[in-house]
Amino acid sequence: MIKFLDLKLQYESIKDEIDAAIRDVIATSSFVGGPYIRTFEGEFAEWTGVENCIGVANGTDALEIAIEALDLPSGSEIIVPANSFIASSEAVTRNGHRVVFADISPEHYTLTPDTIRAKLTSATRAVMPVHLYGHPCEMGPILELASSAGLRVIEDCAQAHGAKYKGKKVGGFGDVATFSFFPGKNLGAYGDAGAIVTNNRSLAERMRMIANHGRTGKYDHQFEGRSSRLDGIQAAILSVKLRHLDKWTAKRIEVADSYIEELSGLAGLTLPKRQEWAVQVYHLFVVRTEKRDQLAAYLAEQGISTGVHYPIALPKLAAYNHLGQGQEVMFANLADESLLSLPIGEHMTTDDVKLVASAVRSFFDSKRGL
Ligand SMILES: *Cc1c(COP(=O)(O)O)cnc(C)c1O
C-alpha cells in the first residue's frame with residue numbers, strides 16, 4: 001500500500017514535540033490570541049522572508065481578507081488561473097469583484113505573462129498568481145506586466161510554502177500573499193489554519209483588523225470586520241512543524257527527482273518540465289496522460305493511491321456557468337481529463353518511489369497506455 005499522504009506517520013515522527021506543544025497551550029489557556037500566535041507569526045514571516053504575517057482561520061479567509069484590504073472599486077476584474085482550487089476564485093466573487101479566468105502553462109501549470117495579457121481589459125484591477133502544485137509562477141515578467149497595467153498582485157501560496165522564484169521564496173513578490181495550513185498542505189495544522197503575509201505595513205494593519213472585528217482595542221471597533229483567527233493550539237503545532245519543513249521539502253524534491261529520472265521518455269506520459277528559474281516544492285507531482293483513468297485504476301489495483309487536481313477546470317464548474325468561459329479553447333479546459341497526481345511526500349521511502357515508478361512504466365510497457 002502506498003498512500004497519497006500519511007499524516008499519522010508524520011505525527012509519530014514528531015509526537016513528543018507536538019504533544020508537549022499542545023499541553024503548553026492548554027496549561028496556559030492560550031486558546032485565542034496570546035503568545036503562541038505571535039511566536040508563529042514571527043517565525044513564519046522570517047522563514048518566508050516577508051516582514052508581516054497575520055495568522056487567520058484558513059487559506060480561503062486569507063484570500064478574502066487580502067482582497068478586501070486592497071479596497072478595489074467594486075466590480076473590478078481580477079484575473080485568476082483556470083486551474084486551481086475554487087477558493088482562489090471564490091475569494092474574488094465574495095468580495096463583489098468579477099473573476100476572469102486565464103489559461104496556464106502546459107509545462108508548469110501556472111499563469112504566464114501571455115495568458116494574463118490575453119485577459120486584460122480596462123476593468124482589470126488585480127491578478128492572482130497561484131503557485132500551483134508548489135511551482136512558483138514566473139514572477140519577474142508577471143510583476144512587470146502588473147506594474148505597466150496598474151494591477152495589484154495577490155499571490156496564492158496555499159500549495160507553495162518555500163517554493164522559490166530565482167532564489168527568493170514566494171510570498172514577498174506581490175502586494176500581498178496568502179497561505180493555507182490545511183492538514184494536507186506542505187505545512188499543515190491539525191485542523192484549519194491560514195496566514196497572510198505582506199511587506200506593506202499599513203496593509204498588514206488593515207488585514208489584522210479585518211480578521212478581528214475591525215478593532216484595535218478590545219471594544220474599539222473602527223469598522224465592521226469579521227472573525228477569522230489562527231488559534232493557539234494550531235499556532236503551537238505549526239511552530240513545531242515549521243522546524244521540520246525544510247527537511248520534509250527536501251524529501252519531496254528527492255522523490256520528484258526519482259520520478260523524473262525513472263519516468264522520463266515514456267511515450268504517452270508527460271512529466272512536469274523543470275524551469276531554470278524555479279524551485280518547486282512539489283505539493284503535488286502531476287503528470288498527464290490520455291489514459292488517465294485507466295492508469296489510476298491500474299495503480300489502485302496495486303495499492304497505489306493517486307489524485308486528480310483538478311478533475312473539472314474552474315471555468316467548467318456549475319458555479320461558473322454564468323461566466324461563459326467553460327467552452328473557451330484553452331489548455332486548462334482540456335487538460336483536466338488527463339491530469340494525474342502521483343503520491344509524493346516525506347512518508348515515501350526510496351523503495352516506495354521505485355515501486356510507483358515501475359508500476360507506471362509497466363502500465364505503458366504493457367501497451368495498456370497506448
Ligand atoms: C487549499 C487551497 C486554498 C484554500 O485553503 P483552505 O485553508 O483550505 O481554506 C486556496 N488556494 C489553493 C490553491 C489551495 O490549494
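Just so you know, ligand 1 is whichever comes first in the structure, and atom 1 is the first atom listed for that ligand. This is a predicted model, so every value here is computed, not measured.
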If the cut-off is 4.0 Å to any non-hydrogen atom of A87, which atoms of ligand 1 fall inside it?
3 (C), 4 (C), 10 (C)
Determine, step by step, whether M209 and Q222 satisfy the side-chain contact (heavy atoms from CB on, under 4.5 Å) criterion, reporting the C-alpha distance in whole Å, the side-chain angles of both residues, the deciding distance to 0.1 Å, and the verdict.
CA-CA 9 Å; M209 287 173 73; Q222 302 290 314; 3.4 Å; yes
Using distance alone, decide if ligand 1 has a nitrogen or oxygen within less than 3.5 Å of any nitrogen or oxygen in S180.
yes
Under 4.0 Å, heavy-atom basis, I'd like to know which part of V130 is in contact with ligand 1: side chain, backbone, both or neither.
side chain
Given the side-chain rings of H108 and W277, with only the six-membered ring counted for Trp, is the space between their centroids under 6.0 Å?
yes
Show me which atoms of ligand 1 lie under 4.0 Å from any heavy atom of N58.
7 (O), 9 (O)
Any chance the side chains of H244 and K241 put a donor and an acceptor closer than 3.5 Å?
no
Ligand-residue contact atoms, ligand 1 with S84, heavy atoms, under 4.0 Å:
13 (C)
Tell me which protein heavy atom sits closest to atom 12 (C) of ligand 1, plus the residue, atom name and distance to 0.1 Å.
A158 CB, 3.4 Å
Between R208 and E205, does any NZ, NE, NH1 or NH2 come within less than 4.0 Å of an OD or OE carboxylate oxygen?
no
Closest candidate by heavy atom, reference atom 6 (P) of ligand 1, pool C157, S89, G59
G59
Less than 3.5 Å apart, any donor N or O on the side chain of N186 or H283 sitting next to an acceptor on the other?
yes
Cation over ring, R215 on F223, under 6.0 Å and within 45°?
no
Distance from atom 2 (C) of ligand 1 to nearest protein heavy atom, with residue and atom
K185 NZ, 2.7 Å
Pick one of side chain, backbone, both or neither for how T60 approaches ligand 1, counting any non-hydrogen atom pair under 4.0 Å.
both
For atom 11 (N) of ligand 1, find the nearest protein heavy atom and state the residue, atom name and distance (0.1 Å precision).
D156 OD2, 2.8 Å
Side-chain donor-acceptor pair under 3.5 Å between T112 and E138, yes or no?
no
If you take the centroid of each ring, where Trp contributes its six-membered ring, are F181 and F44 closer together than 6.0 Å?
yes
Among H283, E64, H309, Q159, closest by heavy atom to atom 15 (O) of ligand 1 is Q159
